Structures are given as C-alpha cells and as structure tokens.
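First comes the structure, then the notes that go with it.
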Amino acid sequence: TENYSRGGGINCYNSSPRLENLSIRGNSAQRGGGISCYNSSPTIEETIIVSNEADYGGGINCRENASPIISNVTIKNNTASQGGGIRCRDDSHAYIENSTIIGNSASQYGGGLYSNNANPNINHSIIVQNSANQGGAVYGRINSNIHIEYVTISDNNTVYLDAGTQFLFDGGVNFNINGTLIAIGTESDSIIFDNYGDERWRGITLDNASDETTFEYVRISGATKDDGGGMSLSASNPTLTHVTISNNTADIYGGGMYL
C-alpha cells in the first residue's frame, strides 16, 4: 500500500490530460509538489510551475513510464530532496522543449533535474541558477540516458553523473562547462558522452571550469570541432582517470583533446 501523497497541484495517475496556460504555485506533496505524473503522458504547455515543494520532484515528478511533453514551461524556485525542478524515475521519458528550469534547489541530488533509470530528452531549453548538495544543474544515476540538444547549462554549482549514465547529444551541440562537472563511473559501468542521431556533436569544452571537475571511468566519443574534438580545455585543470577518448575528429588541432 502506498501511503504518500502525489501531486500537490495536479496529480496525473494513468491519465494524459492537456494542461495549458496554467499557473501552479505554492503547492506541496511528498511526490510532485507542482505536478505528479505516474504512468501518465500529459502535455504541459505555456505554464508556470513556481514555489512548490516535495520530498521528490519539487516542480514535476515522473514515475513508472511517465512520458510528459513539457513545452514552453517555466519551472522556477521549487524545492525537494531529489529533483528540485524535475525528477524522472523508472523508465520515464520526459520530453522538455523551449523551457526554462531556473532557481530550483534540492537538499540532496539534482537541483534542476534528477534522472534515475530514466530517459529525459531536453532541447532548446535553459537550466540555470539551480543548486543541490550534488548536481546543482543535473544529477544522472543508474541506467539514465539523457538526450541533450541546444541546451544552456550555466550558473549552477555542479553537473553530477553516476555510473551507468549516458549523456547523448543530438546535433552539433557543444557541451560547455564553466562550473563543476563530476562524472564518476566504474570499471564495469562507465559513463558515456556520445552522439545521438546522425549529426556529430561538438565535444566537451571546459572553460574556467573548477579544479573539482573530475572524469573517472568515462568514454567520450563521436564528436567533432575545430580544436579538441573530444575535449577542449581553457584555463581548466580537471582530473582524468581511466578515461577513453575515441572516434573524435578536429579540423585543426587535437582530434581527441586540445590543451
């Protein structure tokens, strides 16, 4: 028997409504302070989700094959222990486009986005000014495939990726890190940065990244750009251990890495 509350603002349970031009503010629940999606695929458009709180998924909580379409939505100043803005678990496939995830916080993991055994797809969106104990912007855990296309991630304290996470880029996307990226896999379950689709992505650029930036048991593949196809460093001193940089190209210098 489940003894927790879902959806302080809206609870979608085996349901797929269309939610448009809503303001969802100041609600609370154990799971999904603003909206809970449980085995549901609502379309959420032109909506503001602000100042909600939950233990899991302050703004939106996605569980059990939930596949919400989140378009032109602002998710702001929500709080949770996991997933201040959005939390995705258990084969959830949230599709997030043209949206802003800003100023959310998590006391544990994933201020902006938390993904565990899920496959969120984020494109043409902004993830900024979020905070957490680990993974202020994004926290990816076991068996997460996070698809990124034209996303700005900035002014967050960290991106934190656990073993088994795949960060997959669709199109000519350059993954820029100006803060801290911690990607720690294991010998048997590495973290993968790679291409998704036919067009190659443009690799990782560390520009004034913090000295805490760490890559351990990581594979970086399928990227191309002018300098440093796989990884380009500028005023950055990351630690790389057991990292494979393969099948990347550069037009000028450093097919694998440019220092």
Side-chain angles (χ1 to χ4, degrees), residues 56 62-66 81-83 86-94 106 108-122 127 132-149 151 153 156-170 173 175 177 179-197 200-206 209-224 228-233 236-249 254-257 259:
Y56 305 104
C62 304
R63 285 290 303 269
E64 303 296 341
N65 299 298
S81 60
Q82 297 178 3
I86 301 175
R87 179 176 181 259
C88 297
R89 279 212 58 175
D90 303 329
D91 294 315
S92 292
H93 302 269
Q108 295 180 351
Y109 313 119
L113 172 70
Y114 174 95
S115 177
N116 186 346
N117 191 32
N119 304 288
N121 189 317
I122 312 168
I127 303 174
N133 185 43
Q134 292 186 341
V138 176
Y139 188 95
R141 292 203 70 187
I142 304 165
N143 296 325
S144 287
N145 297 321
I146 302 171
H147 298 170
I148 299 287
E149 182 178 2
V151 173
I153 300 175
N156 308 277
N157 56 1
T158 58
V159 174
Y160 193 103
L161 306 177
D162 263 353
T165 300
Q166 296 187 46
F167 233 57
L168 305 177
F169 300 87
D170 194 358
V173 179
F175 187 32
I177 298 294
T180 303
L181 172 63
I182 298 176
I184 300 179
T186 66
E187 186 174 3
S188 60
D189 202 3
S190 62
I191 293 169
I192 295 172
F193 295 88
D194 207 341
N195 206 54
Y196 178 79
R200 283 177 169 253
W201 67 299
R202 296 185 60 78
I204 297 171
T205 297
L206 302 180
S210 81
D211 291 350
E212 296 176 4
T213 295
T214 302
F215 297 82
E216 185 172 339
Y217 289 107
V218 168
R219 192 190 81 200
I220 302 168
S221 303
T224 184
M231 181 183 293
S232 177
L233 275 62
S236 300
N237 304 297
T239 299
L240 281 68
T241 309
H242 302 294
V243 173
T244 299
I245 302 175
S246 64
N247 191 31
N248 305 283
T249 61
M257 179 181 289
L259 305 176

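Note that the structure is a prediction, hence the values are computed from the model and not measured.
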Pairs flagged by salt bridge (Lys or Arg N to Asp or Glu O under 4.0 Å) wherever residues 108-121 is involved - sequence neighbours left out | none
How close do Glu149 and Asp170 get, heavy atom to heavy atom, and via which atoms?
-> CG-O, 3.1 Å
Is there a donor-acceptor contact under 3.5 Å from the side chain of Ser190 to the main chain of Val218?
-> no
Given side-chain contact (heavy atoms from CB on, under 4.5 Å), test Met231 with Leu240 step by step and report yes or no.
-> CA-CA 11 Å; Met231 181 183 293; Leu240 281 68; 4.2 Å; yes
If you measure from CD1 on Ile127 to CD1 on Ile148, what distance do you get to the nearest 0.5 Å?
-> 6.0 Å
Check: Gly136 main-chain N/O paired with Thr158 side-chain donor or acceptor under 3.5 Å = yes
Thr165 side chain to Arg141 backbone, donor-acceptor under 3.5 Å | yes
Which heavy-atom pair separates Thr224 from Thr249 by the least distance, and what is that distance?
-> OG1-OG1, 2.8 Å
After noting the C-alpha distance and the side-chain angles of Leu113 and Ile122, does the key distance pass the side-chain contact (heavy atoms from CB on, under 4.5 Å) rule?
-> CA-CA 10 Å; Leu113 172 70; Ile122 312 168; 3.5 Å; yes
Asp91 side chain vs Glu64 backbone, donor-acceptor pair below 3.5 Å = no
Indicate the atoms forming the closest heavy-atom contact of Ala132 with Gly135, along with that distance.
-> CB-O, 3.7 Å
How many angstroms lie between OG in Ser115 and CZ in Arg87, if you round to the nearest 0.5 Å?
-> 10.5 Å
Mind checking whether Leu206 and Pro238 have side chains closer than 4.5 Å, heavy atoms only?
-> yes
Atom CD of Glu212: over 12 foreign heavy atoms under 6.0 Å = no
Backbone N/O of Cys62 and side chain of Ser92: donor-acceptor pair under 3.5 Å | yes
Would you confirm whether Arg200, through its side chain, and Ala223, through its main-chain N or O, come within 3.5 Å as a donor-acceptor pair?
-> yes
To the nearest 0.5 Å, atom CG of Asn247 lies from atom CZ of Arg219 at 9.0 Å
Whether Thr180 side chain and Ser210 backbone form a donor-acceptor pair below 3.5 Å = no
Residues in ring pair (Phe, Tyr, Trp, His ring centres under 6.0 Å) contact with His147, at least two apart in sequence or another chain | Tyr196
Using distance alone, with no hydrogens and no angle criterion, decide if Tyr139 and Asp162 have a side-chain donor and acceptor under 3.5 Å apart.
-> yes
Hey, mind stepping through Ile142 and Asn117 against side-chain contact (heavy atoms from CB on, under 4.5 Å) and telling me if it holds?
-> CA-CA 5 Å; Ile142 304 165; Asn117 191 32; 5.7 Å; no
Minimum heavy-atom distance between Ala183 and Ile191, given as atom pair plus value | C-CD1, 3.5 Å
Determine whether Ile204 and Phe215 make a side-chain contact, defined as any pair of heavy atoms from C-beta on separated by less than 4.5 Å.
-> yes
Closest heavy-atom contact between Ala137 and Ile153?
-> CB-CG2, 3.6 Å
Would you mind reporting whether Ser221 and Ile192 have side-chain heavy atoms less than 4.5 Å apart?
-> no
Out of curiosity, Ile146 CD1 to Asn119 CG, how far, rounded to the nearest 0.5 Å?
-> 9.0 Å
Pairwise distance CG(Leu161) to CZ(Phe193) - rounded to 0.5 angstrom | 5.0 Å
Find out whether Tyr56 and Arg89 are in side-chain contact, i.e. whether some heavy atom of one side chain is under 4.5 Å from a heavy atom of the other.
-> no
Taking all non-hydrogen atoms of both residues into account, name the closest pair between Gly255 and Asn248 and its distance.
-> O-CB, 3.2 Å
Please round to the nearest 0.5 Å and tell me the distance separating atom OG1 of Thr213 and atom CD1 of Ile182.
-> 7.5 Å
In chain order, what residues pass the ring pair (Phe, Tyr, Trp, His ring centres under 6.0 Å) check against Phe169, with sequence neighbours excluded?
-> Phe167, Phe175, Trp201
